[in-house]
Each structure stands twice: as C-alpha cells, then as structure tokens.
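Have a look at the structure below before the remarks.
The figures here come from the full heavy-atom set of this structure, side chains too, leaving out hydrogens, waters and symmetry mates. Just so we're on the same page: letters track the sequence lines, and every chain starts at 1.
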Amino acid sequence: MDTADRLELATRHTLEVIEEEELEALFDEGTPSAYIGYAPTGEMHIGHYTTMRKLADFIEAGIDVTVLIADLHAHLDDEKSPFDLLDARSEYYRVAIEGMIEAAGADPDEISFVRGTDFQLDEEYTLEMYRMAAETTLARTQRAGSRVVRESESPNLGGLIYPLMQTLDVKALDADIAYGGDDQRGIYMLSRETLPDHGHDAPVCIFAPLLSGLTGEEMSASKEDTKVNLNDSHDAVVEKIEDAYCPMGEREDNGVLEYLEYLVFPVLEEHGESFVVERPDEYGGNLVYDEFEELEADFLSEELHPADLKPAAGEYVSDVIGPIRERLDARPELLAEAYPEKYDQ
RNA sequence: CCGCCCUUAGCUCAGACUGGUAGAGCAGUCGACUGUAGAUCGACUUGCCCCCCGUUCAAAUCGGGGAGGGCGGACCA
C-alpha cells in the first residue's frame, strides 16, 4: 500500500489532522505508532465505538496501535472512578474495547493494551511529571483540560495533573500519533508544545468527531437518554432512537443521522450490505441506500421522513452493537463489579 | 492551630431571624398537537431538609456536639 492510500485510510471520517504533512512523512518512514487512551469511568457507549472503529483503519494502514486504559486518569478527574474500583473498571473496559474492535472488523490481538498504572508510577515518568509541573502554568494546564476534566467550583489538583500525565503518556508509549475525540484537542495541543522540550517529537494529532446526543444536546455520559449504551437491549436501542430529537430535513444536532453516518454505514460498507428503510406504500414504499450521502440527500429534501427513518435506524444500530452486547451479556460479573451501585442485586 | 460561611427534590436554590413535620425553576413521567422527536400547551411525580443528642405539645427552623465542603487568618513582619 502506498503512502497516499495509507493516508486516505488513516484520515477518512475524521474531523481534523494536525498536521497532515507530518503524517505523510511518518508513512514514508515506515510503520508509525498510534495510541488512544480511555479513562475507565462511566459505562462505555456508542460514542466510544465510533472512535474505536477508526482503529481498524489504522491497522490496515500499517500503524502500530496501542490502547491505553488510563485508570489513574479515571480517578484523577474528580474521582469519577473510586480508587478501589479501578481494577474492575479497567477489566470491563478492556473486554468492551476488544468487543468493539472485533465488531469493527479488526483483530483485537493486533492491538497492544496498556494500563496506566503499568508505567505511570515508574521513577522516570514521575520525575519528568514533576519537571513538567514546574514549567507549566496553572492557566495553561487548566485550559488544556477544560473540555475533558470535570468542571467544578472547587476543582481538585488532580484535574490539572491529568493533562500533564496524558502528555507524558505520549512519550512513555513512544507514540507518533495521538488519536482521540475532538474533546482531547486542548490536551494534545499542550502536548505538541511541551513534548519537544522533553525529548520527544510533537505527536501528529488525529481527532474524531464527537457525536451529538440523541436529545439534540451534547452526548452526556450521565444522561441515559442522550446515548446508546453498548449493553442496551435491542428494544432499549429502538426506543431511544424512536425518542430521539430528529427534525425533518435538518441535520444540525441530529444524532440519528450522525449515528448512521459514522457508525452504521461504515459497518455496512465493511460487510457490503445496504440500508433498507421499510416504508408504508401510502408514503411511497421501501427505500434502499448503499451510501450515507444518498440517505442524507433524501432526508434533507424531506423525501425521507423521520418517522420512517427512525425504526430502521434503531434496528441497524442495535445490530451494530449486537456482537458487543453479546460479549458483555456473557460476562455479567464485569459490569456488576465495575458498577456495583447500579448492578447490585 | 484559629475564625467565618455552606450542606433542603436528579440539578440550581428559596424557606430558618418570627418552631406548626417543605416549596420554586429546570430535569423527569404522562397526555394533547404534529405521520418521529423537539417546540408549545395541560396534568403529574419526586425528599433519611448532612448525622447524633437536647429544648419543646411540636424542630429543616432553636441549643450542643460531629462529619463533609468552601473562604480567610496564623509563618514571611
């Protein structure tokens, strides 16, 4: 595969690449490494899946991929995860992530899993963190993490250590590429500024779009109705999509369309399948789409009505998470131990 | 170590001075209207009032103690 093809694969369906020329240079040199980190806090949802799907492209493009399960970060960010649940949540995340990677059409064995505490307590790492803390202002650090770390009237120090550690993770994992959702932008811009002073190249940054929530607002981990969980039952998925904000002919803040664009169609494309909308004859009969752009055009022209789209979308979204749901359902103890307050019986 | 302030519905808070076992907004649920959802109307729900002890016929409210959180002082003089 030549550099142009690898570039196309690695960057398709992404929001932003900083900088594309640097990525091109990495491909010319050989096999770059990329990493994405997830802090094991709340339950994994469909938004995680969209970033995960990209990893399959990375592997195919000849990139070494590492997934970091950032357990310390999960606690540093306002104690979102209690310290004594870090083991359980890390394990749940690993299994869920493997499921997503497999469902996305890649082999989980081709991805390296690393846990934060495996290396973030090393003397070298720690010492460098103190040095970085000494050279970075409060305001700069706060700004870097503002979209990731929980906002509060009385923020804890942990939220400021968070961006510094994430920056050091890039170096510790020797990553050429830092990949993540667009919310990570602030932190990785800090990394690009800081790392060259700490003996590591500024990482190429690739950002995935963040999906809108189903209620028209931002997707929120704490608001059930704004997102589809990976272990939601088929009926729960269909119902959430049915209840979703979806104005006819509009794509702004339209989570349903975004789910289809970034999740359903890429998977259908992988399997060579079409998207079928069952529509009563009264409204014109069934519709078949092979590309999202066709569906989008019909939706925008109001040829495709939300009331016909939603039931179909619900079915396909449920199918997409099906394999992951099966994995999680097969091991109920994972969720029970990771979220005892919710799954205790 | 000292002083002051805060803690009431899922969230933001009112009520406390002048005791009579709780309210608003938002959120949520359900209807109406739309061939979906939203918006808009209409209805409804929600509580260890941080904990313990005391005063009282009666305590979210008064007194004492404690916990958690915030702010300031103390060192630099």
Side-chain angles (χ1 to χ4, degrees), chain A residues 41-43 45-47 75-85 138-139 142 146-147 149-162 210-229 232-265 275-289 292 294-321 339-344:
Chain A
T41 52
E43 287 183 66
H45 52 74
I46 208 146
H75 187 65
L76 279 173
D77 183 5
D78 201 34
E79 301 180 279
K80 280 180 181 171
S81 287
F83 199 73
D84 59 4
L85 287 181
L138 287 178
Q142 198 276 333
S146 62
R147 286 190 65 198
V149 172
R150 181 176 281 166
E151 305 269 346
S152 134
E153 273 181 50
S154 45
N156 286 344
L157 182 58
L160 292 171
I161 295 174
Y162 188 116
L210 296 184
L211 299 191
S212 295
L214 290 174
T215 56
E217 311 152 2
E218 269 199 7
M219 180 146 35
S220 167
S222 56
K223 291 186 179 175
E224 281 300 319
D225 290 343
T226 65
K227 66 184 201 299
V228 168
N229 281 329
D232 277 346
S233 69
H234 172 271
D235 289 352
V237 173
V238 169
E239 192 179 328
K240 281 182 181 177
I241 303 272
E242 189 61 44
D243 289 345
Y245 173 77
C246 185
M248 179 163 66
E250 283 183 33
R251 76 151 306 160
E252 180 114 356
D253 296 328
N254 192 326
V256 177
L257 284 189
E258 292 181 24
Y259 277 28
L260 295 177
E261 177 174 11
Y262 294 108
L263 205 67
V264 172
F265 272 89
F275 186 88
V276 179
V277 176
E278 292 183 15
R279 186 168 65 171
D281 292 337
E282 165 188 5
Y283 296 116
N286 293 0
L287 294 165
V288 179
Y289 298 101
F292 173 76
E294 301 167 8
L295 183 151
E296 182 184 30
D298 273 3
F299 188 83
L300 291 178
S301 72
E302 304 187 1
E303 162 67 18
L304 175 57
H305 193 280
D308 294 319
L309 176 62
K310 278 181 166 183
E315 293 296 329
Y316 280 95
V317 169
S318 179
D319 283 353
V320 163
I321 65 166
Y339 305 96
E341 72 289 350
K342 177 175 176 186
Y343 290 96
D344 66 349

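- Residues satisfying the ring pair (Phe, Tyr, Trp, His ring centres under 6.0 Å) test with A/Tyr289, not counting sequence neighbours, are none.
- The stretch residues 277-287 of chain A participates, sequence neighbours left out, in these side-chain hydrogen bond (donor to acceptor under 3.5 Å, both in side chains) pairs: A/Arg279-A/Glu303.
- Comparing B/G70, B/U36, B/G35 against the side chain of A/Ser154 picks out B/G70 as the nearest.
- Taking atom CG of A/Asp253 as the reference point, atom P of B/G38 lies 15 Å away to the nearest angstrom.
- Pair assignment for B/G68 gives B/C6, based on Watson-Crick or G-U wobble hydrogen-bonding distances that are each under 3.5 Å.
- To the nearest angstrom, C1' of B/G69 lies 11 Å from CG of A/Asn156.
- Within the structure, side-chain hydrogen bond (donor to acceptor under 3.5 Å, both in side chains) pairs that include any residue of residues 246-259 of chain A comprise A/Ser212-A/Glu258, A/Arg251-A/Glu261, A/Arg251-A/Glu296 (at least two apart or interchain).
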Protein N or O to nucleotides 39-42 of chain B N or O, pairs below 3.5 Å:
none

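- The number of heavy atoms from other shown groups lying within 6.0 Å of CD (A/Glu239) does not exceed 12.
- A 3.5 Å limit on both hydrogen-bonding distances identifies no Watson-Crick or G-U partner for B/A77.
- The same atom, P, is picked in B/C33 and in B/A59; the two are 50 Å apart, to the nearest Å.
- B/G15 and B/C57 have their P atoms separated by 29 Å, with the value rounded to a whole Å.
- As the counterpart of B/G23, B/C13 is assigned, both hydrogen-bonding distances of the Watson-Crick or G-U wobble pattern falling under 3.5 Å.
- Between the NZ atom of A/Lys310 and the P atom of B/G35 there is a distance of 15 Å, given to the nearest Å.
- Residues of residues 296-309 of chain A that place a heavy atom closer than 4.0 Å to RNA chain B, in numerical order, are A/His305, A/Pro306, A/Ala307, A/Asp308.
- B/C44 is paired with B/G28 under the Watson-Crick or G-U wobble criterion, all donor-acceptor distances under 3.5 Å.
- Base pairing of B/U18 is not made with any nucleotide, judged by Watson-Crick or G-U wobble geometry with both donor-acceptor distances under 3.5 Å.
- In this structure, CD of A/Glu282 is placed 11 Å from P of B/G35, rounded to the nearest angstrom.
- With both pairing distances under 3.5 Å, B/A39 is matched to nothing as a Watson-Crick or G-U wobble pair.
- When the C1' atom of B/A37 is taken as reference, atom CD of A/Glu258 falls 15 Å away, rounded to whole Å.
- The side chain to side chain donor-acceptor pair (under 3.5 Å) search around A/Lys80 returns A/Asp77, not counting sequence neighbours.
- Across every strand in view, B/U56 sits unpaired, with no contact that passes the Watson-Crick or G-U test at under 3.5 angstrom.
- For the C1' atom pair drawn from B/U8 and B/U21, the interatomic distance equals 14 Å after rounding to whole Å.
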